[in-house]
Amino acid sequence: MGGAVANAFLRWPARHPTADRPLIAFDVAVMLEPTTLIGTVIGVTLNTVMPSWLITITLVLLLGYTARKTLIKALATWAKENGTSIEVATGSAPRLLRQLSRSSRLSS
């Protein structure tokens, strides 16, 4: 906590090296901080109310969802960088990857 406060005070007057603006984007910080605090309060409350097995299942589902989105985005980026379509990129991939790419919004 002390390190974060010290860094904030040291960087407070600093300016961006190439643009005429402050180094810290205060408008973004003001927008993000309330949602961060609300998420923390909700998370702590749910952690005390929910049983541990339900928390584990919820976290596994969240991990699976984010891993799927990351995989689809990686395949789409790879296909774009190599100048191929996502269908060609996943043509030699297992059936699951082809189904994931078809169900993704990035493949269209």
Side-chain angles (χ1 to χ4, degrees):
M1 176 74 174
V5 171
N7 275 326
F9 280 120
L10 288 175
R11 295 191 189 343
W12 193 284
R15 305 290 296 171
H16 192 275
T18 58
D20 185 30
R21 61 181 171 88
L23 187 61
I24 300 173
F26 295 106
D27 54 340
V28 174
V30 167
M31 181 181 66
L32 290 178
E33 193 57 32
T35 55
T36 304
L37 292 174
I38 289 170
T40 302
V41 169
I42 291 171
V44 167
T45 303
L46 288 177
N47 193 29
T48 57
V49 173
M50 293 169 58
S52 61
W53 62 268
L54 186 57
I55 293 171
T56 303
I57 290 174
T58 305
L59 290 175
V60 166
L61 290 174
L62 179 65
L63 178 64
Y65 174 74
T66 55
R68 179 186 175 274
K69 283 187 68 161
T70 303
L71 177 66
I72 297 303
K73 180 68 174 178
L75 288 173
T77 303
W78 180 83
K80 184 179 177 182
E81 288 175 355
N82 290 313
T84 60
S85 68
I86 189 71
E87 288 80 16
V88 172
T90 59
S92 61
R95 190 175 122 222
L96 175 63
L97 290 180
R98 288 194 301 271
Q99 287 175 344
L100 289 174
S101 68
R102 281 189 214 115
S103 67
S104 172
R105 293 182 194 143
L106 295 174
S107 65
S108 56

Discussion item. Does anything in residues 21-52 form a ring-ring contact (aromatic ring centres under 6.0 Å, His included)? List the pairs, not counting sequence neighbours.
Written reply: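 Non-adjacent pairs meeting ring-ring contact (aromatic ring centres under 6.0 Å, His included): Trp12-Phe26.
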Worksheet entry | side-chain contact (heavy atoms from CB on, under 4.5 Å) involving Val41 - partner list, sequence neighbours excluded |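 Residues passing side-chain contact (heavy atoms from CB on, under 4.5 Å) with Val41: Thr45.
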Fill in: Residues that Pro34 engages under side-chain contact (heavy atoms from CB on, under 4.5 Å), provided they are two or more places apart
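Pro34 satisfies side-chain contact (heavy atoms from CB on, under 4.5 Å) with no residue once adjacent residues are dropped.
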Verify the cluster assignment for [X] and [Y]: are they in a single hydrophobic cluster under the rule of side-chain heavy atoms below 4.5 Å apart?
| X | Y | value |
| --- | --- | --- |
| Trp53 | Leu61 | yes |
| Val5 | Leu32 | no |
| Ile42 | Leu62 | no |
| Leu63 | Leu71 | no |

Practice prompt. Applying side chain to side chain donor-acceptor pair (under 3.5 Å), name anything that partners Thr36, two or more places apart in sequence or on another chain.
Written response: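 With sequence neighbours excluded, Thr36 shows a side chain to side chain donor-acceptor pair (under 3.5 Å) to no residue whatsoever.
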Worksheet item: Can you list the residues that meet the side chain to side chain donor-acceptor pair (under 3.5 Å) rule with Asp20, with sequence neighbours excluded?
Response: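 Partners of Asp20 under the side chain to side chain donor-acceptor pair (under 3.5 Å) test: Arg15.
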Practice prompt. Output the distance between atom CG (Leu59) and atom CG (Leu54), rounded to the nearest 0.5 Å.
Written response: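 Atom-to-atom, Leu59:CG and Leu54:CG are 9.5 Å apart.
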Worksheet item: Residues two or more places apart in sequence or in another chain: which of them pass salt bridge (Lys or Arg N to Asp or Glu O under 4.0 Å) with Arg21?
Response: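 If we apply the salt bridge (Lys or Arg N to Asp or Glu O under 4.0 Å) test to Arg21, skipping adjacent residues, there are no hits.
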